[in-house]
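Notes for the one structure printed next.
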Amino acid sequence: MHPSSVLFQDQPVPALLPVCDHYAGSEKLMRKSMALQAELGPCFDITFDCEDGAAAGNEAAHADLVSRLILSEENRFQRIGVRLHASTHPAFLQDLALIVTPCEGKLAYLVLPKVSNAAEVLLAIENIRAYIKTDLPPVHVLIETHEALADVMAIAAIPEVQCLSFGIMDFVSSHFGAIPAAAMHSPQQFTHPLIVRAKTELAAACHRYGKIASHNVTTDISNPDAAYQDALLAGNQFGYQRMWSIHPQQIRGIVDALAPSSHEITTATALLLQAQSADWGPVRFEGRLHDRASYRYYWFVLQRARLCAKPLPPEALELL
């Protein structure tokens, strides 16, 4: 029996995504990102930005550019998503007409920014459905307002939602000076009580409903190691499985930080092979008792390793 059919008999398999989400908002950066993805492989996603990361005032031309690039041969892996305008913005429906309809079947996901609550997400999803004929692309939601954070469990529960991302800069700004600007970056982004509360509530909601928690950007683009260190903390201490990149030099650091180590891969492979030989019953491994609860953990170690393009032994690939 395949491990997933045994380990998830009473629950759906949680979502899996590449651990890095790289944002690009200009034609130059979009094309550069696509070229880098072609070189490195789909170990990271690309999000074409129609909102804050794009120039204002030329929305229709920008949407047309996004559409043409997604439909081009440069989109080799079909792992490009789009951050739309907020559903309350005048350009939102224009984005749907110029991007979602022509790119149907080619979109990895759609990102909804500036949402206030679950009802607003559901309405946006219904609007998107009106512009497509087949399946809805997965929806990613930015949690960056007081209202969205207050409704984060309900948003995570929406079946079409695959991922929640924390928008730290808008969230800090919405406190109008009550949180210092220094909390937008390390170290205070991991220590300020209000930011810690927001990040943990978002992560908890995602894990409650089997969704992906995506961490905010690292604004320090002069130090490539900064994104690596932030991703390490976000993954190990806050339960985030994905993180934004805003500079090409941040991609590799984020992937390395959120990828399993070689030791974890070796351990997961050996344990799961032993468990498979025992028909997925309890086994003694390295002096400890393991059962399906820990098997699920180690199966995801191998899944994350594959998404991060880490080398896997042939027997590990067979388990996937």
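For the single chain, residues carry numbers from 1 onward in sequence order.
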salt_bridge(Lys310, Glu264) N-O dist < 4.0 Å: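 No, no charged N to carboxylate O under 4.0 Å.
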
Are the charged groups of Glu104 and Lys133 less than 4.0 angstrom apart, N to O?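 Answer for the salt bridge query: no.
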
Could you walk me through whether Ser186 and Gln189 satisfy the side chain to side chain donor-acceptor pair (under 3.5 Å) test, starting with their C-alpha distance in whole Å, then the side-chain angles of each, then the deciding distance to 0.1 Å, before giving a yes or no? CA-CA 5 Å; Ser186 295; Gln189 68 162 318; 3.0 Å; yes

Decide whether [X] and [Y] meet the rule of one side-chain donor and one side-chain acceptor closer than 3.5 Å.
X: Thr47; Y: Asp49; value: no
X: Thr269; Y: Glu315; value: no
X: Ser214; Y: Asp21; value: no
X: Ser261; Y: His263; value: no

Sequence neighbours left out, what pairs pass ring-ring contact (aromatic ring centres under 6.0 Å, His included) with at least one residue falling in residues 22-76?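 Every pair satisfying ring-ring contact (aromatic ring centres under 6.0 Å, His included) with a residue in residues 22-76: Tyr23-Trp244.
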
Flag the pair His215 / Phe190 as yes when their ring centroid distance falls below 6.0 Å, and as no otherwise.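 So the answer is yes for these two rings.
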
Do Phe8 and Phe300 have ring centroids that are under 6.0 Å from one another?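 Yes; Phe8 has its ring centre under 6.0 Å from that of Phe300.
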
Under a 4.5 Å side-chain heavy-atom rule over Ile, Leu, Val, Met, Phe, Trp and Tyr, are Met243 and Leu29 clustered together?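 Not linked; separate clusters.
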
Return all side-chain donor-acceptor pairs below 3.5 angstrom for residues 282-289, not counting sequence neighbours, or 'none' if the list is empty.
none

